[in-house]
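In what follows, chains are A, B, ... by sequence order, proteins preceding strands, each numbered from 1.
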Amino acid sequence: GDGYGGFEVFRRQLEEIEAQGLQSAFQLHKETYAQLSILMNNGSCLDLAENAALGERYINHLAQLSGEIRAVLGPINLNSAKQLVGALTRKVPSITLTEYQWKKWDDEEEKFSTKKAVLMREAHKHPIIAKVLEYRRRETLRRFVTGIHKHVRKRGKLAFVETSIRGDVTVTHRMSSSKPNLQNLARDTEEESALQLNVKSQYISRFLGGTLSEADESQLELRIAAIASSDGAMMDAFLRGTDVHTELAAMMRGISTKHVTEAIRQAGKTTNFHVLYGGAAFGLSLRLGCSKPEAEGMIAQFYATFHGFEAWQRAQEAFAKKHLYVESMFGRRRHFVQPRSWKAPEGKRILRQAVNAPIQGDASAVTNIGIKQAMDRIEKERLQSKLFMTVHDSALTDNYPGEREYIHDILRDEMEHPNTEQFGVKLTLPLQVDIKTGPTWGSMSKLVTA
DNA sequence: GTTTATGGCCAC
DNA sequence: AAACGTGGCCATAAAC
Ligand SMILES: Nc1nc2c(ncn2[C@H]2C[C@H](O)[C@@H](COP(=O)(O)OP(=O)(O)OP(=O)(O)O)O2)c(=O)[nH]1
Ligand SMILES: [Mn+2]
């Protein structure tokens with residue numbers, strides 16, 4: 001009843017594991033996913049002094065903001081969305097705290113929302129709204145500072161958190177991280193780094209004089225989408241070396257790719273994946289703040305350009321309707337429960353999941369095969385550096401002094417050349433890995449490769 | 001006083 | 001009766 005199939009789907013998965021025996025998808029799981037979750041138990045080293053300093057700064061910022069806001073809105077609990085609706089409506093009568101107005105075709109209750117997108121849309125109506133947004137951001141990031149206290153383990157002079165990496169949680173066969181989750185740490189921004197509020201800066205090397213590095217697959221799911229669908233235009237784009245995220249961001253704003261900042265490129269990413277995974281004009285127009293016809297035009301242009309991918313989408317959907325599961329290139333499956341109708345929201349959601357699951361899942365497989373190879377080399381060559389974490393399409397290493405450059409070679413060699421053939425998959429496009437490095441997870445600079 | 005649900009938001 | 005997908009976590013509100 002949770003939309004993920006419940007018992008029936010679980011039973012079918014069990015049957016599959018029994019029937020699959022030593023098939024390649026099972027091998028992949030056993031030799032790669034299960035191993036990674038065991039091997040990445042080194043923990044992540046924490047700078048406790050930085051943690052304490054961050055905590056102090058967040059408390060101060062929050063106290064200041066809380067005072068300013070409650071002076072205007074009254075003595076409410078700012079962490080309560082419900083109280084915020086009441087206070088904001090009183091103070092700013094013109095405010096519209098709904099995500100979007102729908103028909104209200106009968107005496108349905110109005111659904112209020114104070115989420116970020118809504119507050120940003122309404123922010124021009126009163127200066128206090130921006131303050132609330134700032135409070136929210138600080139409060140959310142504070143939890144990355146104080147929330148890890150219960151997970152800290154001392155090892156001699158050093159402090160660690162030992163996240164649990166599991167490969168048996170997600171329906172698409174991605175890895176998950178918990179207790180603490182290290183896959184959703186807030187990215188460092190210039191503004192917050194300047195204020196010394198960068199939460200990733202508390203993650204450091206465990207070695208005296210050591211460094212951290214992160215190797216991230218470039219535009220990974222777009223590449224996998226191109227490979228899986230064999231779409232000509234998409235393949236061409238990558239063979240030409242295009243950065244599709246950047247190109248789209250530049251095109252949407254009518255600026256040159258030179259002027260695309262990291263933040264702008266990130267917005268382009270979100271748009272790309274929105275459209276790739278069956279997003280509608282309605283949601284796109286909300287996200288871009290443009291009209292619905294404009295959004296429709298953009299989606300139409302996407303499918304006009306990538307009709308090969310559209311055909312692949314239709315094929316996935318047809319397969320899902322017929323068999324109630326989809327299967328990826330690596331032979332991994334996601335099962336569905338029969339919806340009442342394929343045209344209702346419930347059914348349409350399944351069809352989008354049918355398009356997404358094989359791509360997200362195989363992107364994960366490709367990454368993890370490469371990571372496993374890198375870990376094997378670090379062990380075989382008796383290096384002291386540690387590959388201690390994965391964030392879906394990236395790997396983090398803690399570099400022993402003097403080993404960094406060689407570790408970078410390993411990361412690039414292995415992650416750009418995962419041996420997928422052993423699991424029956426031929427990658428028809430090259431992969432590209434971007435490497436960053438620095439003294440902390442929150443202060444890394446891109447490696448310039450000649 | 002516990003539990004569970006919800007709203008919200010971070011990442012990829 | 002919604003409107004890219006995959007996760008985990010926290011504080012409040014509601015229910016036990
Ligand atoms: N459906 C969906 N998938 C996402 C979204 N953000 C990230 N992903 C998936 C697809 C990405 O290829 C993958 C890795 O995320 P990254 O941030 O590394 O993006 P990507 O590799 O595409 O670009 P990059 O060149 O690394 O900046 O995670 C999103 O908003 N929606
Ligand atoms: Mn990436």
Legend entry - For atom NZ of A:Lys179 and atom C1' of C:dC10, their distance in whole Å: 16 Å

Legend entry - Nucleotide forming a Watson-Crick or wobble pair with B:dA5, both distances under 3.5 Å: C:dT12

Inset, instruction - Supply the atom-to-atom distance A:Thr367 OG1 to A:Glu217 CD, rounded to the nearest 0.5 angstrom. - result: 5.0 Å

Legend entry - Sole candidate of A:Ile76, A:Asn79, A:Leu97, A:Asn77 that passes side-chain contact (heavy atoms from CB on, under 4.5 Å) when paired with A:Leu84: A:Ile76

Legend entry - Partner nucleotide of C:dG7 by Watson-Crick or wobble geometry (both distances under 3.5 Å): B:dC10

Inset, instruction - Please work out if A:Lys150 contacts a base, only the sugar-phosphate, or nothing of the nucleic acid, heavy-atom cut-off 4.0 Å. - result: sugar-phosphate

Legend entry - Residues A:Glu317, A:Lys322: salt bridge by 4.0 Å N-O rule: no

Taking only nitrogen or oxygen atoms into account, show me every contact under 3.5 Å that the protein makes with nucleotides 4-7 of chain B, one pair per line with its distance.
from	atom 1	to	atom 2	distance (Å)
B:dG7	OP1	A:Lys111	NZ	2.6

Inset, instruction - Consider the side chain of A:Asn356, meaning its heavy atoms from C-beta on, and name the nucleotide among C:dG5, C:dA11, B:dA11 that approaches it most closely. - result: C:dG5

Inset, instruction - Would you classify A:Gly361 as touching base, sugar-phosphate or nothing, given that sugar-phosphate means primed atoms plus P, OP1 and OP2, and contacts are heavy atoms under 4.0 Å? - result: nothing

Legend entry - A:Glu327/A:Arg332 ion pair, N-O < 4.0 Å: no

Inset, instruction - Round to a whole Å and report the spacing from NE2 of A:His274 to P of C:dC4. - result: 4 Å

Legend entry - P gap between B:dT6 and C:dA1, integer Å: 15 Å

Inset, instruction - Between B:dA11, C:dG5, C:dA11, spot the one nearest the side chain of A:Glu139, thanks. - result: C:dA11

Legend entry - Cationic tip of A:Arg349 above A:Tyr277 ring, under 6.0 Å, 45° of axis: no

Inset, instruction - Assign A:Val169 to base, sugar-phosphate, or nothing according to its heavy-atom contacts below 4.0 angstrom with the strands shown. - result: sugar-phosphate

Inset, instruction - Please report, rounded to the nearest Å, how far the C1' atom of C:dG5 is from the CZ atom of A:Phe336. - result: 11 Å

Between N or O atoms, less than 3.5 Å apart, protein on one side and nucleotides 14-16 of chain C on the other: list the pairs.
from	atom 1	to	atom 2	distance (Å)
C:dA14	OP1	A:Lys82	NZ	2.6

Inset, instruction - Nearest whole angstrom, please: distance from the P of B:dG8 to the CG of A:Asn181. - result: 21 Å

Legend entry - Between C1' of C:dG5 and NE2 of A:His173, the distance in whole Å: 14 Å

Legend entry - Any side-chain donor near an acceptor of the partner, A:His417 and A:Arg412, under 3.5 Å: no

Inset, instruction - Check whether any side-chain heavy atom of A:Tyr203 lies under 4.5 Å from a side-chain heavy atom of A:Cys45, and answer yes or no. - result: no

Inset, instruction - Step by step, work out the side-chain hydrogen bond (donor to acceptor under 3.5 Å, both in side chains) result for A:Gln202 and A:Asn51. - result: CA-CA 6 Å; A:Gln202 37 186 351; A:Asn51 176 270; 2.7 Å; yes

Legend entry - From C:dG7, C:dT12, B:dC9, nucleotide with atom closest to A:Ser176 side chain: C:dG7

Inset, instruction - Would you check if the distance from the ring center of A:His274 to the ring center of A:Phe302 is below 6.0 Å? - result: no

Inset, instruction - Whole angstrom is fine here: how far is it from CG in A:Leu276 over to P in C:dT6? - result: 14 Å

Inset, instruction - Report yes if at least one side-chain N or O of A:Gln183 is closer than 4.0 Å to OP1 or OP2 of B:dC10; otherwise report no. - result: no

Inset, instruction - Side chain of A:Ser80 only, please: which of C:dC4, C:dA13, B:dG8 is the nearest? - result: C:dA13

Inset, instruction - May I ask you to verify if any side-chain N or O of A:Lys343 is less than 4.0 angstrom from the OP1 or OP2 atom of C:dA3? - result: no

Legend entry - Proximity to DNA chain B (any heavy atom under 4.0 Å), residues of residues 278-304 of chain A only: none

Legend entry - Closest listed nucleotide, where the reference is the side chain of A:Arg137 and the choices are B:dC10, C:dC9, C:dA13: B:dC10

Inset, instruction - Ignoring backbone atoms, test whether A:Gln83 places a side-chain nitrogen or oxygen under 4.0 Å from the OP1 or OP2 oxygen of C:dA13. - result: yes

Inset, instruction - Decide whether a cation-pi geometry holds between A:Arg287 and A:Phe282; the criteria are a distance under 6.0 Å from NZ or CZ to the six-membered ring centre and an angle within 45° of the ring axis. - result: no

Inset, instruction - Tell me whether the OP1 or OP2 atom of C:dG5 has a side-chain N or O from A:Arg174 closer than 4.0 Å. - result: no

Legend entry - Charged N-O contact under 4.0 Å between A:Glu192 and A:Arg137: yes

Inset, instruction - Go through the side-chain N and O atoms of A:Arg121 and A:Thr96 and say whether any donor and acceptor fall under 3.5 Å apart. - result: no

Inset, instruction - Verify the distance criterion only: is there a donor paired with an acceptor across the side chains of A:Gln432 and A:Asp434 at less than 3.5 Å? - result: yes

Legend entry - Minimum-distance nucleotide (side-chain atoms of A:Val171 versus C:dC9, C:dA11, C:dG7): C:dG7

Inset, instruction - Let me know the distance between CZ of A:Arg352 and P of C:dA3, rounded to the nearest Å. - result: 6 Å

Legend entry - Whichever of A:Ser177 and A:Glu221 has its nearest DNA chain C nucleotide further upstream toward 5': A:Glu221

Inset, instruction - Report yes if at least one side-chain N or O of A:Arg142 is closer than 4.0 Å to OP1 or OP2 of B:dC9; otherwise report no. - result: no

Inset, instruction - Would you kindly give the CG-to-C1' distance between A:Leu185 and B:dC10, to the nearest whole Å? - result: 9 Å

Legend entry - Pairing of A:Arg142 and A:Glu139 as salt bridge, 4.0 angstrom limit: yes

